Amino acid sequence: MSPPMSSKGKDSAAARILGSGASGVAELLIFHPVDTVAKRLMSNKAKVSMQTLSPILFRDSASAPLARKFLSLFPGLGYAAGYKVAQRVYKFGGQPWFNDLINRHFKSNFNNTFGERKGKMMMQATAGSLTGIGEVVLLPLDALKIKRQVNPEAFRGRGVVRIFMEEGTTLYRGWGWTMARNAPGSFALFGASAVTKEYVLGVSDFGAATWGQNFIASIAGAVASITVAAPLDTVKTRIQNANFEHKVPGVVVIKELLKNEGPTAFFKGLTPKILVVGPKLVFSYTLAQSLIPLFSKYV
């Protein structure tokens with residue numbers, strides 16, 4: 001996602017929440033199936049071939065009609081909706097807030113260290129990294145979404161309230177790996193987007209970028225972010241998709257992955273995620289930036 005405009009603009013906090021939340025819902029309905037495909041590929045420990053691809057992707061619906069196969073890619077939609085909407089609201093509001101905070105208190109430090117031009121981009125990237133680290137508070141919703149996508153047996157007919165009451169802090173399993181993934185991933189997301197605008201497109205005022213410039217910068221930032229975070233994302237996903245009572249340390253996951261599948265397994269699911277990065281982020285960013293000013297007229 002390209003760095004959003006400063007929260008000091010005319011848009012109210014309520015408009016930002018409503019606009020970014022609606023963007024998250026629309027994005028979810030369109031791209032949730034692709035996310036399911038990526039998660040199931042990352043969680044698969046066997047070799048992928050044309051013969052095994054369908055059972056891996058569609059599970060019990062592998063031999064079902066096409067419509068049922070497609071619907072099978074929407075497991076955990078309720079958890080995904082809660083996570084995606086909360087994530088988008090947090091992303092759109094959190095990164096500008098951290099950026100404003102850094103500008104107020106540490107701008108001179110960044111400018112003295114990196115220069116004014118690079119300092120501005122480093123502040124954007126650092127604000128993104130801090131935002132990414134803070135996303136750990138949403139981990140329970142992310143964990144439930146992933147389990148529903150790749151390991152529905154873990155639910156055993158339990159509802160979300162009962163799961164929260166019974167599992168408690170186990171829903172934060174993998175929190176350290178999540179923070180380790182998000183910090184460089186979000187740094188690369190906002191940093192690469194800022195670098196692309198500043199150096200490639202010659203845009204100094206990020207808020208004044210055109211739709212086409214946002215399109216290019218968003219793709220650059222998202223591809224950089226997903227590629228950088230891919231290895232730790234795979235580890236995090238495998239920790240989270242285990243049964244609730246089965247705790248697997250990240251170090252064990254890494255050892256088994258290297259031993260049984262080789263280092264390239266760290267990048268399983270990377271291709272479908274990258275293939276959808278451009279339209280996904282352009283869609284969500286453009287929709288949010290269009291809806292936020294619209295909601296500002298009423299709230």
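Here the structure is a predicted model, which means the values were calculated and not measured.
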Practice item. Would you mind reporting whether L18 and V89 have side-chain heavy atoms less than 4.5 Å apart? Key: no

Check your understanding: Looking at T131 and A127, what are the two nearest heavy atoms and their distance?
Key -> OG1-O, 2.7 Å

Check your understanding: Between CE of M179 and CD1 of I133, what distance do you get to the nearest 0.5 Å?
Key -> 5.5 Å

Point to revise | Whether S23 side chain and S284 backbone form a donor-acceptor pair below 3.5 Å | key: yes

Exercise for review: For the pair D233 (side chain) and A229 (backbone), establish whether a donor and an acceptor sit closer than 3.5 Å, ignoring hydrogens and angles.
Suggested key: no

Exercise for review: Keeping the roles fixed (side chain from R88, backbone from G21), state whether a donor-acceptor pair exists under 3.5 Å.
Suggested key: no

Exercise for review: Could you give me the CA-CA distance, side-chain angles and deciding distance for F266 and V235, then say whether side-chain contact (heavy atoms from CB on, under 4.5 Å) is met?
Suggested key: CA-CA 8 Å; F266 280 114; V235 174; 3.9 Å; yes

Check your understanding: Side chains of K91 and L189: closer than 4.5 Å at any heavy-atom pair?
Key -> yes

Review point. With side chains defined as the heavy atoms from C-beta onward, is the minimum distance between F187 and M122 less than 4.5 Å?
Key: yes

Revision key, fill the gap. d(N99 CG, K107 NZ) to nearest 0.5 Å is 10.0 Å

Check your understanding: Are there more than 12 heavy atoms of other residues, nucleotides or ligands under 6.0 Å from atom OH of Y199?
Key -> yes

Practice item. State, with a plain yes or no, whether a side-chain heavy atom of L73 is found less than 4.5 Å away from one of F58. Key: yes

Check your understanding: Does the side-chain contact (heavy atoms from CB on, under 4.5 Å) test come out yes or no for E198 and K118, once each step is laid out?
Key -> CA-CA 9 Å; E198 186 82 22; K118 292 181 180 178; over 6 Å; no

Exercise for review: Determine the minimum heavy-atom distance between S186 and E135, stating which atoms define it.
Suggested key: OG-OE2, 4.4 Å

**Study point:** Close side-chain approach of R117 and S204, heavy atoms under 4.5 Å
**Key:** no

Point to revise | Note, I216 side chain near V200 side chain (heavy atom, < 4.5 Å) | key: no

